[in-house]
Amino acid sequence: MTHSVTRIWSFLIAVIVAATCALGVCQPNPDSASPTAVASTVPSTVEWVTREVKAPRVSFHIFDSAAAKTKVSYHLYTPAAYDREPTRRFPVVYWLHGSGGGAAGIAKVAANFDAAIEAGKTPPCLVVFVNGLVEGMYVDWKDGTAPLETVIVKDLVPHIDATYRTIATREGRLLDGFSMGGYGAARLGFKFPELFRAASIVGAGPMQAELIQAPRAGRKRAAELLAKVYGGDQAYFRAVSPRTLAEQNAERITKSSLVRMIVGDKDETFENNRLFHEHLDALKIPHTWTVLPGIAHEPMDVLRAVADDNWAFYRAAFGHTAGSSSAARKAEVVLSFRIKDQNRRAVVVNAPADGTTRPAVIVLHGGMGSAQDMRAKSGFDAVAKANGFMVVYAEGTDFGGDRHAWNTGYLLRRQVKGADDIAYFDTLIDTLIRDHGADPTRVYMTGGSNGGMMTFVYAVARPHKLAAIAPVVASMFTFDTVPAVPLPILIINGAKDEEVPLEGGMSRNRIVRRAQEAPYKPLTDVVQFWVRANKSLPEPKVATVGTVTTTTHDAGPGGAVTEFVVDSAGGHGWPGSKPRRDGTTPNLAFNGAERVWAFFKHQARNRDAQGAVSSPVPR
């Protein structure tokens with residue numbers, strides 16, 4: 001584990017060093033051998049459209065800016081979760097580069113974010129690489145030639161929210177920047193606290209009260225910058241500075257903004273940053289102040305010294321947003337909601353608590369069971385934790401004595417009282433994806449007995465919401481509706497099952513038979529129904545090991561696999577569990593949870609299936 005963490009941080013450090021040097025914070029100072037915070041070359045024109053940078057998960061875009069009265073470019077990093085989770089909204093980091101333009105460093109910075117997200121160090125987020133110009137300072141230039149602040153706030157932010165699935169509130173926006181970018185993060189974060197939840201101010205400059213002497217650039221460069229951006233006007237420099245903006249908006253910033261300052265004690269900008277920190281203290285603006293002993297204005301050393309606290313800030317900033325509430329997530333939680341005047345619940349186990357996503361297996365108990373009962377006997381907890389998926393124990397309608405059942409339309413109808421279990425599972429799946437880190441392309445459903453029958457029913461009605469299903473010791477009551485899209489299916493039954501006989505018909509269990517309003521379909525017919533619906537190959541592969549025979553119809557073109565497992569010695573009950581009553585011995589040839597996951601883990605939902613609606617069979 002230690003070696004793994006070391007490798008990750010070695011990579012991240014190398015990435016940031018290369019990126020920030022490319023972003024203009026490591027340019028040579030004409031007055032000294034040390035790096036300078038301000039570029040020495042003053043461009044004669046404003047470059048609103050940069051060159052395109054090609055990098056993994058990075059795209060280049062141009063939009064019309066009313067403020068600039070021309071087209072303006074930006075680059076965008078999107079995490080893998082953005083593609084996997086088509087209904088989820090994501091927080092946005094506005095990355096403000098240092099002087100020099102920034103295009104050369106975009107690929108490295110994007111790789112840095114991607115590594116941290118995939119390692120679970122920070123919630124998935126979009127990263128907008130703002131075009132801050134070569135030396136734009138993230139302000140509206142006094143002469144009007146570069147209204148950069150207005151372009152960002154009035155044009156870019158609304159454009160991003162309108163174009164992408166963002167959390168379009170202040171809670172979903174963070175500003176980050178180093179050197180000139182740190183200055184920009186401070187001033188935009190303090191001027192517009194209603195737009196940005198957090199501001200990360202790292203090695204920032206110029207943070208002094210007047211732009212006379214730049215600590216890392218000298219008096220000549222300070223004068224050039226003052227003339228170009230601020231019209232040679234110290235009063236204008238002060239008016240738009242983070243110091244003044246903090247004074248003007250102290251009350252609003254104090255209420256809910258998250259602010260951090262980081263600087264090395266050997267950084268030439270340290271004294272100006274320290275004075276700015278004291279200025280915030282005097283204004284009673286909460287912020288973290290981190291001084292890195294022995295660290296100069298060097299990104300590599302800064303990142304090594306900050307370590308995982310760098311991403312802790314991101315987790316804190318995005319921890320309470322609606323789209324990725326990683327800080328509020330728990331690995332185990334009981335969900336409660338109301339469906340058509342009925343209180344319903346489900347038990348979630350092994351959910352991600354770090355902002356990442358993982359597969360979700362929804363497990364349905366049998367008739368007269370409960371979520372807790374199914375959890376105790378199915379063995380899914382151990383399998384989920386060993387294989388990195390979440391397991392969700394759904395619970396049917398309560399009809400007294402901690403007994404529950406599912407509304408399949410033909411069984412236990414008096415007990416379920418017309419419950420809408422389709423709406424229940426729609427709500428459950430949407431909640432798991434939105435709030436608990438379920439991967440929307442890998443939501444699975446399995447269930448035993450009455451729960452298996454409900455699995456059939458929901459799969460026929462909503463195949464587009466599932467990646468695969470596994471009904472166990474169950475059958476279907478009707479073939480009237482065909483699922484709209486193919487859906488991989490594993491069907492498990494026992495040849496000695498008296499409650500749900502392989503040959504179909506009425507149950508041989510007197511109690512079940514009284515609650516049954518229609519005969520079960522023969523399992524051979526059920527298999528053929530799914531072979532047709534799934535466009536599976538008609539000729540199966542058959543393999544027998546011990547008492548277990550597996551019949552597999554592989555997926556045909558554009559179809560899905562249909563697999564049928566029968567234990568010749570198995571009766572009614574969850575495979576591997578203890579008998580519920582005398583005369584009912586479940587399949588003991590394999591562990592049900594392990595066998596179901598072995599099938600599920602190879603299946604993922606095709607995005608083209610989204611929105612499909614199942615239809616009745618033509619008559």
Is the gap between the ring centers of F178 and H297 under 6.0 Å?
yes
Against Y94, only a single residue in V127, V157, L126, L174 fulfils side chain to side chain contact (heavy atoms under 4.5 Å, CB included); can you say which?
V157
So, do T290 and R260 sit near enough that their side-chain heavy atoms are less than 4.5 Å apart?
no
For the residue pair F113 and Y314, categorise the inter-ring angle as parallel (less than 30°), tilted (30 to 60°) or perpendicular (more than 60°).
perpendicular
Sorted by chain and residue number, the ring-ring contact (aromatic ring centres under 6.0 Å, His included) partners of Y77 (sequence neighbours excluded) come out as none
Taking NZ, NE, NH1 and NH2 as the nitrogens, is one of them in R605 or D439 under 4.0 Å from a carboxylate oxygen of the other?
no
Assess whether a salt bridge exists between K142 and D233, defined as any Lys/Arg side-chain N lying under 4.0 Å from an Asp/Glu carboxylate O.
yes
Taking the six-membered ring for Trp, are H159 and Y164 parallel (under 30°), tilted (30 to 60°) or perpendicular (over 60°)?
perpendicular
Tell me, do I167 and F318 make a side-chain contact under 4.5 Å, heavy atoms counted?
no
Checking side-chain polar atoms at under 3.5 Å, does N273 have a donor or acceptor matched by the opposite partner on T269?
yes
Thinking salt bridges, do R274 and D265 make one under a 4.0 Å N-O criterion?
no
Among side-chain atoms of T50 and N131, is any donor-acceptor pair under 3.5 angstrom?
no
Donor-acceptor check, side chain of R252 to backbone of F190, threshold 3.5 angstrom: yes or no?
no
Which atom pair, heavy atoms only, marks the closest approach of F599 to A468?
CE2-CB, 4.2 Å
Side-chain donor or acceptor of H97 paired with backbone N/O of G132 under 3.5 Å:
yes
Distance under 6.0 Å and angle within 45° of the ring axis: does R187 meet both against Y138?
no
What class does the angle between the rings of W289 and H277 fall in, given that below 30° is parallel, 30 to 60° is tilted and above 60° is perpendicular?
parallel
Does the side chain of S200 pick up a donor-acceptor pair with the side chain of D176 at under 3.5 Å?
yes
Residues that H279 engages under ring-ring contact (aromatic ring centres under 6.0 Å, His included), provided they are two or more places apart:
none
With sequence neighbours left out, write down each residue that passes side-chain hydrogen bond (donor to acceptor under 3.5 Å, both in side chains) with Y236, or none if nothing qualifies.
none
Taking only Lys NZ, Arg NE, NH1 and NH2, and the carboxylate oxygens of Asp or Glu, determine whether E149 and K191 approach each other closer than 4.0 Å.
yes
Where does the angle between the aromatic ring planes of F600 and Y444 fall among parallel (under 30°), tilted (30 to 60°) and perpendicular (over 60°)?
parallel
Pairing of R243 and E247 as salt bridge, 4.0 angstrom limit:
no
Can you tell me if R197 and S256 form a side-chain donor-acceptor pair at under 3.5 Å?
no
If you define the side chain from C-beta out and look only at heavy atoms, does anything of V130 sit under 4.5 Å from H75?
no
Any side-chain to backbone donor/acceptor pair from N350 onto F389? Under 3.5 Å, distance only.
yes
